[in-house]
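Have a look at the structure below, then the notes.
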Amino acid sequence: MLIRFGYVAMSVHVAHASPSKTMTATQFAKIADREAALGKLVRIAEENLHNTLRLLRHNRAYDIHVFRFSSKLVPLVTHPLTEGWDPIPRLAEPFRELGDYVIQHGMRTSFHPDHFTVLTTPREEVLRTSLADLAHQVRMLEAMGLDERSKCNIHIGGTYGDKESALARFHSRVNDLPAAVRRRLTLENDDKTYTAEETLQAAEELGLPMVLDLHHHQVNPGSGVAAEELWPRIRATWKDTGIPPKIHVSSPKSEKDVRAHADFVEPEPLAAFLGAIAAETPRLDIMIEAKQKDEALFRLVADLAGREEFREVDGATLER
DNA sequence: ACCTGTCAAGTCTGG
DNA sequence: CCAGACTTGACAGGT
């Protein structure tokens with residue numbers, strides 16, 4: 001099994017490289033000249049895109065092939081204050097440059113909208129903004145020239161006191177999505193509401209790939225079925241995508257606060273999981289969600305690479 | 001340069 | 001019906 005590792009949005013090693021700089025809505029509203037205010041947002045977005053490219057170069061230097069873009073690359077883009085504003089044409093060049101770099105170096109990239117994107121919502125307005133968010137992220141991937149192997153990963157959402165009807169809404173809303181959006185979706189089990197089993201069932205029914213989050217499964221295990229038992233079905237959801245299955249790993253911050261992310265990743269549970277699935281899984285991509293970002297990646301890879309069962313292929317790729 | 005309260009956004013719980 | 005928790009990087013305003 002070939003395993004690649006990646007991290008989320010920002011690096012603890014590359015200084016002053018935030019890809020999520022922003023402006024508050026209050027500040028935006030204070031600027032009388034709307035064109036000037038929008039121009040400022042474009043400048044911030046350019047800086048975010050530039051910093052993202054710096055991060056990709058850093059990733060390349062350390063053999064990191066998996067990366068999640070910040071969901072805040074373009075500030076306030078789906079805010080009501082900027083209604084009717086379309087900054088993507090103005091940002092075509094930096095987006096294209098990012099995408100070219102990703103393609104040139106064979107990287108796997110994705111987006112993961114914030115928890116305000118909820119397709120299960122009964123509220124019309126929330127659904128509208130959720131769809132706008134998704135559409136925006138897909139447009140950014142398109143502006144980068146990245147094909148449908150670059151995904152947008154979402155959770156199913158809330159229950160509103162009735163999981164059955166929430167799931168029914170989820171199904172019909174996914175089916176109503178524009179094809180270009182739907183084909184980019186992946187579904188992830190969450191840490192409170194929709195278990196890995198429930199998420200898997202929805203993914204199978206909708207024909208979407210499922211991202212298994214091992215930490216979420218640990219704190220929201222449902223019936224308690226082991227992740228490796230679900231794995232053959234989860235793996236099967238990736239069959240026709242042209243990309244390896246992806247999982248998320250992180251560790252509880254503390255016993256008191258098990259859902260929060262720790263600085264680093266405990267290697268042991270992951271090593272055990274990988275041992276259980278290695279035989280049936282030729283390739284796997286692992287997204288590390290730890291506070292110490294790429295440093296957590298380096299430590300985890302070093303730990304695993306030191307074990308007998310693993311062989312280091314490059315700085316962020318292992319063979320098991 | 002550094003500190004602290006605040007920030008666009010949703011959902012859920014509890015009062 | 002409303003306040004607070006959840007969670008998080010960065011802003012904004014102050015020293």
Side-chain angles (χ1 to χ4, degrees), chain A residues 7-31 37-38 40-41 43-52 55 68-85 87 111-137 152 154-163 165-167 169-170 173 188-195 198 213 215-216 219-220 248 250-254 256-263 288-296:
Chain A
Y7 67 100
V8 178
M10 58 183 299
S11 163
V12 299
H13 286 286
V14 186
H16 311 296
S18 168
S20 313
K21 287 177 156 308
T22 188
M23 183 196 293
T24 61
T26 312
Q27 296 299 312
F28 180 88
K30 273 189 201 164
I31 303 172
L38 292 173
K40 202 163 176 188
L41 292 182
R43 292 276 301 275
I44 295 170
E46 284 169 347
E47 201 179 339
N48 289 338
L49 294 173
H50 175 69
N51 282 336
T52 301
L55 292 167
R68 181 194 304 165
F69 294 118
S70 163
S71 54
K72 303 184 180 72
L73 291 174
V74 187
L76 300 180
V77 65
T78 54
H79 193 280
L81 279 173
T82 63
E83 180 92 53
W85 176 54
F111 275 108
H112 190 7
D114 297 311
H115 62 283
F116 311 112
T117 297
V118 268
L119 295 183
T120 44
T121 187
R123 297 166 55 193
E124 216 35 58
E125 177 60 16
V126 174
L127 177 63
R128 200 183 62 76
T129 58
S130 296
L131 295 175
D133 265 350
L134 273 178
H136 170 64
Q137 299 203 339
C152 281
I154 60 167
H155 297 287
I156 295 177
T159 62
Y160 317 88
D162 181 353
K163 204 177 240 184
S165 47
L167 273 169
R169 279 199 299 277
F170 185 73
R173 280 159 185 179
E188 179 188 349
N189 57 307
D190 69 68
D191 58 358
K192 275 174 98 158
T193 312
Y194 293 95
T195 65
E198 291 166 334
D213 187 309
H215 182 188
H216 291 168
V219 299
N220 182 25
H248 288 178
S250 50
S251 296
K253 184 184 175 74
S254 65
K256 273 191 154 80
D257 202 1
V258 288
R259 289 186 13 236
H261 289 166
D263 283 354
I288 291 168
E289 295 182 322
K291 298 281 266 184
Q292 294 300 310
K293 306 289 179 183
D294 46 343
E295 177 58 20

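Being a predicted model, the structure only gives us computed values, none of them experimental. Every heavy atom of this structure was used, including side-chain atoms; hydrogens, water molecules and symmetry mates were not.
At distances below 3.5 Å, at least one donor-acceptor pair connects side-chain atoms of A/N189 with backbone N or O atoms of A/D213. A donor-acceptor pair under 3.5 Å is formed between the side chain of A/D294 and the backbone N or O of A/V12. Side chain of A/T120 to backbone of A/G158: a donor-acceptor contact under 3.5 angstrom is found. Side chain of A/K163 to backbone of A/Y194: no donor-acceptor contact under 3.5 angstrom is found. A/D114 places no side-chain N or O within donor-acceptor distance of the main-chain N or O of A/F116, the cut-off being under 3.5 Å. A donor-acceptor pair under 3.5 Å is absent between the side-chain atoms of A/T82 and the main chain of A/W85, judged by distance alone. Using a distance-only test at 3.5 Å, with no hydrogens or angles considered, no donor-acceptor pair links the side chain of A/Y7 to the main chain of A/R68. A donor-acceptor contact shorter than 3.5 Å links the side chain of A/N51 to the backbone of A/S18.
Annotation: C/dA3 and B/dC7 have their P atoms spaced 14 Å apart (nearest Å). Look at the P atom in both B/dG5 and C/dG4: the space between them is 15 Å, to the nearest Å. The same atom, P, is picked in C/dA12 and in B/dA9; the two are 15 Å apart, to the nearest Å. Taking atom P in both C/dT7 and B/dG14, the straight-line distance is 16 Å, to the nearest Å. Spacing between C/dG13 and B/dA8 at atom P, rounded to whole Å, works out to 12 Å.
Between A/V77 and A/P87, the shortest heavy-atom distance links the atoms CG2-CG, 3.9 Å.
Taking only side-chain atoms of A/R123, from C-beta outward, the nucleotide of B/dA8, B/dG10, C/dG9 with the closest atom is B/dG10. Distances were taken from every side-chain heavy atom of A/L76 (C-beta onward) to each of B/dT11, C/dG9, B/dA8; the shortest belongs to B/dA8. If you check B/dT11, C/dG9, B/dA9 against the side chain of A/S18, the one that comes closest is C/dG9. Of the candidates C/dA10, C/dG9, B/dT11, C/dA10 carries the atom nearest the A/T22 side chain, counting heavy atoms from C-beta on. For A/A25, taking side-chain heavy atoms from C-beta onward, the closest of the listed nucleotides B/dA8, C/dT8, C/dG9 is B/dA8.
Dashed line: the shortest gap from a side-chain N or O of A/S130 to OP1 or OP2 of B/dA9 is not under 4.0 Å. Taking 4.0 angstrom as the limit, A/T193 places none of its side-chain polar atoms (N or O) nearer than this to OP1 or OP2 of B/dT11. For A/S20, no side-chain nitrogen or oxygen approaches OP1 or OP2 of C/dG9 to under 4.0 Å. The side chain of A/R259 contributes an N or O atom lying less than 4.0 Å from OP1 or OP2 of C/dT7. At the phosphate of C/dA12, OP1 or OP2 sits under 4.0 Å from a side-chain N or O atom of A/T24. Close to B/dC12, at under 4.0 Å from its OP1 or OP2, lies no side-chain N or O of A/Y160. The shortest distance between the side-chain N/O atoms of A/K192 and the OP1/OP2 oxygens of B/dT13 is not below 4.0 Å. The phosphate of C/dG13 (OP1 or OP2) has a side-chain N or O of A/Q27 nearer than 4.0 angstrom.
DNA chain B lies under 4.0 Å from at least one heavy atom of each of the following residues of residues 77-84 of chain A: A/T78, A/H79.
Residue A/K253 is classed as having no contact, given no heavy-atom separation below 4.0 Å to the nucleic acid. Nucleic acid contact for A/T159: sugar-phosphate only, since backbone atoms but no base atoms lie under 4.0 Å from a heavy atom of the residue. Among the atoms of the strands shown, only primed sugar atoms or phosphate atoms (P, OP1, OP2) are found under 4.0 Å from some heavy atom of A/T26.
When rounded to the nearest whole Å, the span between CG of A/L73 and P of C/dA10 equals 12 Å. When rounded to the nearest whole Å, the span between CG of A/D162 and C1' of B/dC12 equals 15 Å. Atom NE2 in A/H112 sits roughly 15 Å away from atom C1' in B/dG10 (whole-Å rounding). Spacing between atom NE2 of A/H16 and atom C1' of C/dG9 amounts to 15 Å, rounded to whole angstrom units. For the pair A/I154 CD1 and B/dG10 C1', the interatomic distance rounds to 14 Å; values are reported in whole Å. Whole-Å rounding puts the A/H216 NE2 to C/dC6 P distance at 16 Å. If you measure from atom CZ of A/R128 to atom P of B/dA9, you get 14 Å, rounded to the nearest angstrom. Nucleotide C/dA5 holds its C1' atom 12 Å from the CG atom of A/D257, rounded to whole Å.
To the nearest 0.5 Å, the span separating CG on A/N220 from CD on A/E198 amounts to 7.5 Å.
For DNA chain B, each stem of at least three Watson-Crick or G-U pairs (distances under 3.5 Å) is given as range with range: B:1-7 with C:9-15, B:10-15 with C:1-6.
Ring pair A/H216/A/H261 is parallel by interplanar angle, where below 30° counts as parallel and above 60° as perpendicular.
Residue A/F116 and nucleotide B/dG10 are not classified as a stacked aromatic pair, given the requirement of ring centres less than 5.5 Å apart at an interplanar angle below 30°.
Of the two residues near DNA chain C, A/A260 and A/K21, the one whose nearest nucleotide lies more 5' is A/A260.
In terms of the side chain to side chain donor-acceptor pair (under 3.5 Å) criterion, A/H155 has no residue partners (sequence neighbours excluded).
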